[in-house]
Chemist: 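The structure's right below; bear with me while I get my questions together.
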Amino acid sequence: MPPALRLALNGLLVSSLVLALAVVVGPGTTVARQDASIVVALCVLFAATYAAGFAGPARPAGARRREDRAESVDMGGQNLGRAVRWLGAMTVVWVCLMAFHAGFSWLAFPLIVLYVQLLPLRLAIPAVTVATAIVVAAKGVQTGTLDIPHVAGPVMGALASTLMVFGYRSVHRERQARHALIGELVVARYALAESQREAGRLAERQRLAREIHDTVAQGLSSVIMLLRAAAAALPPDASVARERTAAATEVATANLAECRHFVCELSPPPLVETPLPEALRRLVDRSADDRLSTAFHLHGDLYPLGAECDVALLRLTQEALANVRGHAHAAHCVVSLSYLDDRVTLDVFDDGKGFDPQLPRQDARGGFGLHGMRQRIEELGGALTVESAMGEGTAVAASLPMPQGGTS
Ligand SMILES: Nc1ncnc2c1ncn2[C@@H]1O[C@H](COP(=O)(O)OP(=O)(O)OP(=O)(O)O)[C@@H](O)[C@H]1O
Ligand SMILES: [Mg+2]
């Protein structure tokens with residue numbers, strides 16, 4: 001039972017008992033002296049029975065709170081049996097007191113409160129009705145009449161007690177529901193904050209992984225390729241030079257493997273003071289060699305894309321060119337940057353051996369390039385397509401929406 005209701009009930013019961021006792025055995029009473037001592041004994045028994053209902057082994061506050069909740073909404077099983085026995089005993093003592101004097105009608109009110117609070121409706125309604133009927137009957141016997149005021153008083157009292165308990169119970173339930181809701185909200189807020197932190201951490205790790213891949217790893221790949229080409233071009237008797245290039249290749253290969261595992265922040269130096277088309281043109285020019293001819297085309301009127309889009313397109317071009325040089329065996333490669341009305345597109349074509357884009361490589365040794373490109377472009381609301389077939393070259397096409405705020 002909720003503590004506030006228990007306190008109110010204690011007060012109601014003690015005051016009703018004292019009042020009734022004063023009326024019944026006080027000065028000017030009609031009760032015989034011998035009966036008076038029985039009445040006092042019954043009052044003591046009634047109070048003791050009432051107190052016994054609250055007695056029990058001390059329980060932790062949390063357990064008590066849980067029990068209170070269970071009591072007010074579910075009076076099934078053991079709790080119901082205990083409540084029925086307790087209320088039955090008090091009712092019997094009360095009926096005995098009523099047999100002596102109708103002044104004990106006062107006690108009907110705390111009893112009715114207990115019926116409504118502790119019993120399910122199917123038992124509480126008959127119990128309230130019987131208690132009210134006993135009070136009405138006792139009044140009738142005492143006064144010898146049964147007119148409307150004699151009936152209406154107890155009935156109104158019973159009704160008021162019942163409604164009061166229902167009102168209190170609904171307020172109490174609402175309070176508990178609110179507390180439970182607040183608890184759930186607090187838990188949900190922590191869970192949300194935690195998942196946002198986790199998502200941020202993962203996004204940052206991915207970003208750093210991409211940066212390492214697109215910068216240090218690509219640089220080291222080029223170094224290794226150049227060293228291998230240098231070793232192949234050495235004259236047969238240059239054994240010392242061959243040994244040193246082999247050692248350098250080994251170190252670069254080891255560093256390439258290691259740098260894939262490192263996380264570090266890198267800024268995109270080519271874009272610091274250079275517009276994107278210019279940075280791309282230089283990159284494309286630098287990628288040409290005696291086996292690969294490259295070209296860069298710019299279409300449309302330039303508008304600012306924002307640093308994130310600039311970096312994404314630069315990195316994409318770097319990776320696409322590295323793939324052309326590393327995998328395509330192409331003779332020609334064309335990079336086109338187009339500023340359209342609503343988006344900007346970047347296309348990298350090569351006439352190399354092509355591959356099956358449905359089977360991207362993604363293992364411990366690499367294969368992060370295409371995946372990283374797509375991820376970076378999609379994060380900015382764009383799309384990436386890779387079209388290729390064996391022997392038919394490759395076309396990598398990225399499209400980014402024009403940043404909000406227009407072309408100004
Ligand atoms: N232009 C291309 N021509 C031919 N094959 C390509 C081309 N681009 C990509 N590929 C194929 O797709 C695979 C996946 O490319 P991706 O860039 O994802 O990984 P990678 O280049 O192998 O490794 P990493 O980029 O991580 O160093 C490559 O291994 C290659 O087989
Ligand atoms: Mg690659």
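These values consider heavy atoms only, across backbone and side chains, with no hydrogens, waters or symmetry-generated copies. Counting convention: from 1, in listed order, for ligands and their atoms alike.
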Chemist: Mind checking whether K353 contacts ligand 1 via backbone (N, CA, C, O), side chain (CB onward), both or neither, at a 4.0 Å heavy-atom cut-off?
Modeler: neither
Chemist: Is the backbone of G53 close enough, under 3.5 Å, to the side chain of R82 for a donor and an acceptor to pair up by distance?
Modeler: yes
Chemist: Ion pair present between R315 and E319, side-chain N to carboxylate O less than 4.0 angstrom?
Modeler: no
Chemist: Would N323 count as a polar contact of ligand 1, with the cut-off being nitrogen or oxygen pairs under 3.5 Å?
Modeler: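 Between N323 and ligand 1, an N or O pair is found under 3.5 Å apart.
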Chemist: With heavy atoms only and a cut-off of under 4.0 Å, state how T394 meets ligand 1: side chain, backbone, both or neither.
Modeler: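 It is the side chain that touches ligand 1; the backbone stays farther off.
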Chemist: Please find the N/O/S atom of E319 nearest to the Mg ion (ligand 2) and write down its name.
Modeler: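 Within E319, restricted to N, O or S, the Mg ion (ligand 2) is closest to atom OE2.
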Chemist: Under 4.0 Å from ligand 1, counting heavy atoms only, is it the side chain of D350, its backbone, both or neither?
Modeler: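 For D350, only side-chain atoms sit under 4.0 Å from ligand 1.
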Chemist: Return the minimal non-hydrogen interatomic distance between L340 and Y303, and the atom names on each side.
Modeler: O-OH, 2.7 Å
Chemist: I'd like to know if the side chain of W86 and the backbone of A52 have a donor-acceptor N/O pair within less than 3.5 Å.
Modeler: no
Chemist: Just by modelled atom types, is the P357 backbone N or O under 3.5 Å from a matching donor or acceptor in the S388 side chain?
Modeler: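 No.
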Chemist: Using distance alone, determine whether L370 and ligand 1 share an N or O pair under 3.5 Å.
Modeler: yes
Chemist: Walk me through whether M373 and V386 qualify under side chain to side chain contact (heavy atoms under 4.5 Å, CB included).
Modeler: CA-CA 11 Å; M373 272 186 209; V386 179; 5.8 Å; no
Chemist: So is H329 close enough to ligand 1, meaning a heavy atom under 4.0 angstrom away?
Modeler: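 The answer is no: ligand 1 sits nowhere under 4.0 Å from a heavy atom of H329.
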